[in-house]
Amino acid sequence: MPELPEVETTCRGLAPTVTGARILRVTVRERRMRWPLVSGFEALLAGRRIKRIHRRAKYVLLEMADRTLMIHLGMSGSLRIVAGETPPRLHDHVDLVLDSGDCVRFNDPRRFGSLHVVQGNIEAHPLLAPLGPEPLSADFDGATLQRATRGRRVAIKPLLMNAKIVVGVGNIYASEALFHARVHPWKLAGRLSVEETERIASAIKAVLEAAIRVGGTTLRDYVNAEGNPGYFRQKLYVYERTDQACLVCDAPISHRVQGQRSTYWCPQCQPGRTPRTARRSRRGAAQ
DNA sequence: CTTTGCACCTGTTGGC
DNA sequence: TGCCAACAGGTGCAAA
């Protein structure tokens, strides 16, 4: 579900409620996540005050004096603020009940998400340490991307989704950014020109920023901290638009599975070849 | 080292 | 109506 804009939107939505609040108690209804919740998870948080909330890659970080609660939303997770007495619904796995009477509620049908309590330097955590630069920071630009692509024989689209290269770019925004950069998703990363990596880096920033501005993309599950969807879906140019007319040139949008993920592109705006392996099923946005 | 494919889960959808 | 296969905003890990 969530890529960087959705995680960022979640953080911003939680911030006013969570910043400075004390966690009175923690209720866990399901410990089986991507990584099972450690025994004693609740006690590691109860009574602690949240100093601030921020984000690294797709992780939500709730920072306390000497520890950090690190939450990943996986494919189907969400964090919402509800009133303390709100009865739990299906897949409401974890509650943080705050001294304000509000409750931070973690819901995740597929349970690909995770929650870790990290003591000490958060950036040194094994899940964070290997991560690449933040796409919206000055640490990421055309030159960074150019350097990262040299000698790579992977196609650019899966490379963009590799968090060691750059974090936060998932399946939707990878296709969207390549469309705006006018680069074919199957183009080999190592063969990109300086101009192309420049355009891709700029497109990534532009697309992510635009998505954040409207609260992210909701396809099916995603809701922000208030339970509302994001509206970037209306601004998607290729994702889930198979066979529909390109909004720029009218050509029908193409779709193909690439590295087990759906890839969408405009064959006219993004000229290039797809390797001629077996065609796979196509599934447009019927809605 | 890089690249590829699987696995983890539940829910929804489309075709027969 | 029912059943089943395919697919879904992620990503660590093992195998090649």
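Protein chains get the first letters and strands the later ones, always in sequence-line order, with residue 1 at the start of each. Keep in mind that the numbers below use all heavy atoms, side chains included, and drop hydrogens, waters and symmetry copies.
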Would Phe112(A) pass as stacked on dC8(B), i.e. its ring centre under 5.5 Å from the base's six-membered ring centre and planes under 30° apart?
yes
Do the side-chain N or O atoms of His72(A) get closer than 4.0 angstrom to the phosphate oxygens (OP1, OP2) of dT11(C)?
yes
Picking from dG12(C), dG10(C), dT2(B), the nucleotide nearest the side-chain atoms of Trp35(A) would be dG12(C)
Tightest non-hydrogen contact, residues Ala225(A) and Gly13(A), listed as CB-C, 3.6 Å
Is there, by distance only and without an angle test, a donor paired with an acceptor across the side chain of Arg110(A) and the base of dC9(B) below 3.5 Å?
yes
In whole angstroms, the gap separating C1' of dT10(B) from CE of Met33(A) amounts to 12 Å
Does dT12(B) have OP1 or OP2 sitting under 4.0 Å from an N or O in the side chain of Arg220(A)?
no
Can you tell me which stems involve DNA chain C, if a stem is defined as three or more consecutive Watson-Crick or G-U wobble pairs, both distances under 3.5 Å?
B:2-8 with C:10-16, B:10-16 with C:2-8
Consider the side chain of Ser262(A), meaning its heavy atoms from C-beta on, and name the nucleotide among dT2(B), dA8(C), dG12(C) that approaches it most closely.
dA8(C)
By nearest atom, which of the nucleotides dG12(C), dT10(B), dG10(C) is closest to the Lys58(A) side chain?
dG10(C)
From the candidates dG5(B), dG10(C), dG12(C), the one with an atom nearest any side-chain atom of Gln260(A) is dG5(B)
Identify which nucleotide among dG11(B), dT3(B), dG10(C) has an atom closest to any side-chain atom of His91(A), counting heavy atoms from C-beta outward.
dG11(B)
Test applied, side-chain contact (heavy atoms from CB on, under 4.5 Å); reference residue, Asn162(A); option that passes from Ile165(A), Leu160(A), Val166(A):
Ile165(A)
Trp265(A) six-ring centre to Arg256(A) NZ/CZ under 6.0 Å and within 45° of normal
no
Please determine, for the side chain of Arg34(A), which listed nucleotide (dA8(C), dG10(C), dC9(B)) has the closest atom?
dG10(C)
